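See structure below.
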Protein chains: 2
Amino acid sequence: MAANSQFSMAVHVLSMLARSKDENLKSDFIAGSVNTNAVVIRRLLGQLSQAKLVVSQTGANGGTRLARRPSEISLAEIYKAVNCGEVFALHAKEPNRDCPVGRNIEAVLCCLQKEIDKGIVEKLSTYSLQNLFEMVAENPA
Amino acid sequence: MAANSQFSMAVHVLSMLARSKDENLKSDFIAGSVNTNAVVIRRLLGQLSQAKLVVSQTGANGGTRLARRPSEISLAEIYKAVNCGEVFALHAKEPNRDCPVGRNIEAVLCCLQKEIDKGIVEKLSTYSLQNLFEMVAENPA
DNA sequence: TTGAATTGTAACTAGAATCGTTACAGTTAT
DNA sequence: ATAACTGTAACGATTCTAGTTACAATTCAA
């Protein structure tokens, strides 16, 4: 499959919104920067809106802006807002319950998966959208 | 796509091998516990063999055993041995270079991606296959 | 030395997930 | 009223994983 780039796109989109301050941005304009279709952006914005990270307005002169200041949005919130799966997947088919290993391995792996995910969220929560936006701005083209 | 469960399968397979000590296990037997096809297991064992975590023998009475003791194999090595992608993917299409955000976001995201991956590896390196195997053994069925 | 048991690997299929695209209903400013 | 937007459904193209079959190469053992 194509790899899931929702988090990357979300960070991109939110950086655009951070840059535009309180002005509404159109999905079409954002799509031009991300280099994709406006519907893809609107779908993503829908998730970010549900997570209360952005506010959208329909109608003429509509568009989207941040719901909070960039310094008050952590990358962890963005990560949780978009649907970007787990670090590794558990078994596709249930292992054999007649095997002492097969019987118990899933529970252990599930635990480990959660622990890793917690670590990721912790690391991401040390960055705000503001921090990230500054990195983008500083970065030499 | 179906999610990538290589790491889960690898840990499962290596736990089986840890349990069997120095005895060779057949791919067919392992497949029975993982509940998949023997070829899938052999493919996985190929990767683990390249990473020098296991040793295989062809021919009659062949099979696979651990290359080292379970206490000397960390989960981080297993993670690196199998091909289980990144936490999040970068942009599918290259962003628009004419946009100040689009121009620089990828480099920043790439950095972040590496930092997160480093965190995962650090966390995984605190567990050995032995530790994990003990968790599986202790876990109530 | 023959035969049986195994691994290694190529090739193909089925199924799932993402992204892109078109289409259109609903909303809002002017 | 009309034009400019968002929200969302529906479908296709692409890509990835895992499952499967098939078979060559290797090794043990009688």
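It should be emphasised that the depicted structure is a prediction, and the values quoted were computed from it without experimental measurement. Numbers restart at 1 for each chain; the letters A, B, ... are given by sequence-line order, proteins then strands. All values below come from the heavy atoms of this structure, side chains included, with hydrogens, waters and symmetry mates left out.
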Next on the checklist: Around atom CZ of B:R69, are there more than 12 heavy atoms from other residues, nucleotides or ligands closer than 6.0 Å?
Outcome noted: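 Counting neighbours around CZ of B:R69, 12 or fewer heavy atoms of other residues, nucleotides or ligands fall under 6.0 Å, so no.
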
Checklist entry - For B:N131, does the CG atom have more than 12 heavy-atom neighbours from other residues, nucleotides or ligands under 6.0 Å away? => result yes

Out of [options], which nucleotide sits closest to the side chain of [X]?
X: B:A60; options: C:dA5, C:dT6, D:dC5; result: C:dA5
X: A:M9; options: C:dC19, D:dT26, D:dA3; result: C:dC19
X: A:V39; options: D:dA18, C:dC19, C:dT22; result: C:dT22
X: B:N61; options: C:dG8, D:dT27, D:dA29; result: D:dA29

Between atom [atom1] in [X] and atom [atom2] in [N], what is the gap in whole Å?
X: B:F29; N: C:dT6; atom1: CZ; atom2: P; answer: 12 Å
X: B:Q50; N: C:dT7; atom1: CD; atom2: P; answer: 17 Å
X: A:D28; N: D:dA3; atom1: CG; atom2: C1'; answer: 15 Å
X: B:R42; N: C:dA5; atom1: CZ; atom2: P; answer: 15 Å
X: A:N37; N: C:dT22; atom1: CG; atom2: C1'; answer: 9 Å
X: A:L17; N: D:dT6; atom1: CG; atom2: C1'; answer: 14 Å
X: B:Q47; N: D:dT17; atom1: CD; atom2: C1'; answer: 12 Å
X: A:N24; N: D:dG7; atom1: CG; atom2: P; answer: 11 Å

Does [N] have its OP1 or OP2 closer than 4.0 Å to a side-chain nitrogen or oxygen of [X]?
X: A:Q6; N: C:dC19; answer: yes
X: B:N4; N: D:dT17; answer: yes
X: B:T58; N: C:dG8; answer: no
X: B:S27; N: C:dT6; answer: no

Checklist entry - Okay, side chain of A:E77, backbone of A:S74: is any donor-acceptor separation there less than 3.5 Å? => result yes

Checklist entry - Does A:S33 reach the main-chain N or O of A:I30 with its side chain, forming a donor-acceptor pair under 3.5 Å? => result no

Hey, does [X] reach any base, or is it just sugar-phosphate, or nothing, if we go heavy atoms under 4.0 Å?
X: A:S5; answer: sugar-phosphate
X: A:I41; answer: nothing
X: B:T64; answer: nothing

Next on the checklist: I want to confirm an ordering. Mapping A:T36 and B:G62 to their closest nucleotides on DNA chain C, which one lands closer to the 5' end?
Outcome noted: B:G62

Next on the checklist: Between B:G63 and B:K93, which residue's closest nucleotide on DNA chain C lies nearer the 5′ terminus?
Outcome noted: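 Nearest nucleotide further toward 5': that of B:G63.
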
Checklist entry - Hey, does the side-chain of B:R65 have a donor or acceptor N/O within less than 3.5 Å of a partner on the base of C:dT7? => result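 No pair found.
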
Item to check | Side-chain donor-acceptor contact under 3.5 Å, A:S128 with A:S71 | outcome: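 Their side chains do not contain a donor-acceptor pair, so the 3.5 Å distance test is not met.
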
Next on the checklist: On a heavy-atom basis, which atom in A:P95 and which in A:G102 lie closest, and how many Å separate them?
Outcome noted: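 Taking A:P95 first and A:G102 second, the nearest heavy atoms are CB-O, 3.5 Å.
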
